[in-house]
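Notes for the one structure printed next.
In this text the structure is predicted, and so the values were computed from the model without any measurement. Residues take their numbers from the sequence shown, with the count starting at 1. Values below: every heavy atom of this structure, side chains too, minus hydrogens, waters and symmetry copies. When a ligand or atom number is given, it counts from 1 through the structure's own listing order.
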Amino acid sequence: MLKVNEIYKSIQGESSFVGLPCVFVRLTGCHLRCTWCDTAYAFHEGEDMTVEEVVKKVRGLGPRLFELTGGEPLLQEDAFPLVERLLKLHDTVLVETSGAVDVACLDKQAVKIMDIKCPASGMSDKMIWENLNYLTPRDEIKFVIQNRSDFDWACRVIEEHDLLKKSPILFSPVFGQLNPQELAEWILKENLNVRMQLQIHKYIWSVEVRGV
Ligand code: SF4
């Protein structure tokens, strides 16, 4: 059984798949509490559904791109069989995960978009660093940056773990808290080979609107 917060179709707003139509399933629950979390509504609210009920609802929505998100979707045991089922229905299955849950059992065909929590999130000490061993060039590593100390910390982590050789790296400013222009200038000045991204769904729709 799964606890599902929402199922909807939208434009993929972040990652290298940005801009593409995508079906989203947001699972309920998260064991972290990032200071800048924008999906706190998914901590508790949700409806119980079986894997097959989710698949039935998702089937026919249209887009060939699918994303499993949360909350932290991998806290729920049935998230793993759900991903396996969805891989049969979609060309690409993205899984957004916090980096603080073991990803070893996740189907390797799924594209992991894994956060590395910077200090300003308040959750850096919850990271499971062994997860880096399961990343491939198909996966993506995401740093959400709130300030210059986060940026410097992220640069150190990239270097210490040789992350540029593992997977593409995404840098995202905390929406409304770090000016994107500032982040862009830091990246250019440091000659960092990372992809800067904005959460475009928040520019297309209001920040307050759910299901986008
Ligand atoms: S991991 Fe994601 S859902 Fe959980 S608190 Fe952090 S931002 Fe929110």
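Scanning all protein heavy atoms for the shortest distance to atom 8 (Fe) of ligand 1 gives C37 SG, 2.3 Å. If you check which protein heavy atom lies closest to atom 4 (Fe) of ligand 1, you get C30 SG, 2.3 Å.
Here is the list of ligand 1 atoms found below 4.0 Å of a heavy atom in W36: 7 (S). The contact set between ligand 1 and S98, taken as ligand atoms under 4.0 Å from a residue heavy atom, comprises 1 (S). Taking a cut-off of under 4.0 Å to the non-hydrogen atoms of G71, the atoms of ligand 1 that pass are 3 (S).
The aromatic ring centroids of F175 and Y203 lie less than 6.0 Å from each other.
A salt bridge links K142 with E96: the distance from a Lys NZ or Arg NE/NH1/NH2 to an Asp or Glu carboxylate oxygen falls below 4.0 Å. Ionic pairing of E140 and R195 is not present here: no N-O contact between side-chain nitrogen and carboxylate oxygen is shorter than 4.0 angstrom.
For the ligand labelled ligand 1, residue E72 lies outside the 4.0 Å heavy-atom shell. Residue contacts with ligand 1 include K117, since one of its heavy atoms falls under 4.0 Å from the ligand.
In summary, an N, O or S atom of C34 is located under 2.8 Å from atom 6 (Fe) of ligand 1.
A 6.0 Å sphere centred on CG of D125 holds more than 12 heavy atoms belonging to other residues, nucleotides or ligands.
Taking the ring axis of Y41 as reference, the NZ or CZ atom of R26 does not stay both within 45° of it and closer than 6.0 Å to the ring centre.
Checking T97 against E72 by side-chain atom types alone, a donor-acceptor pair falls below 3.5 Å.
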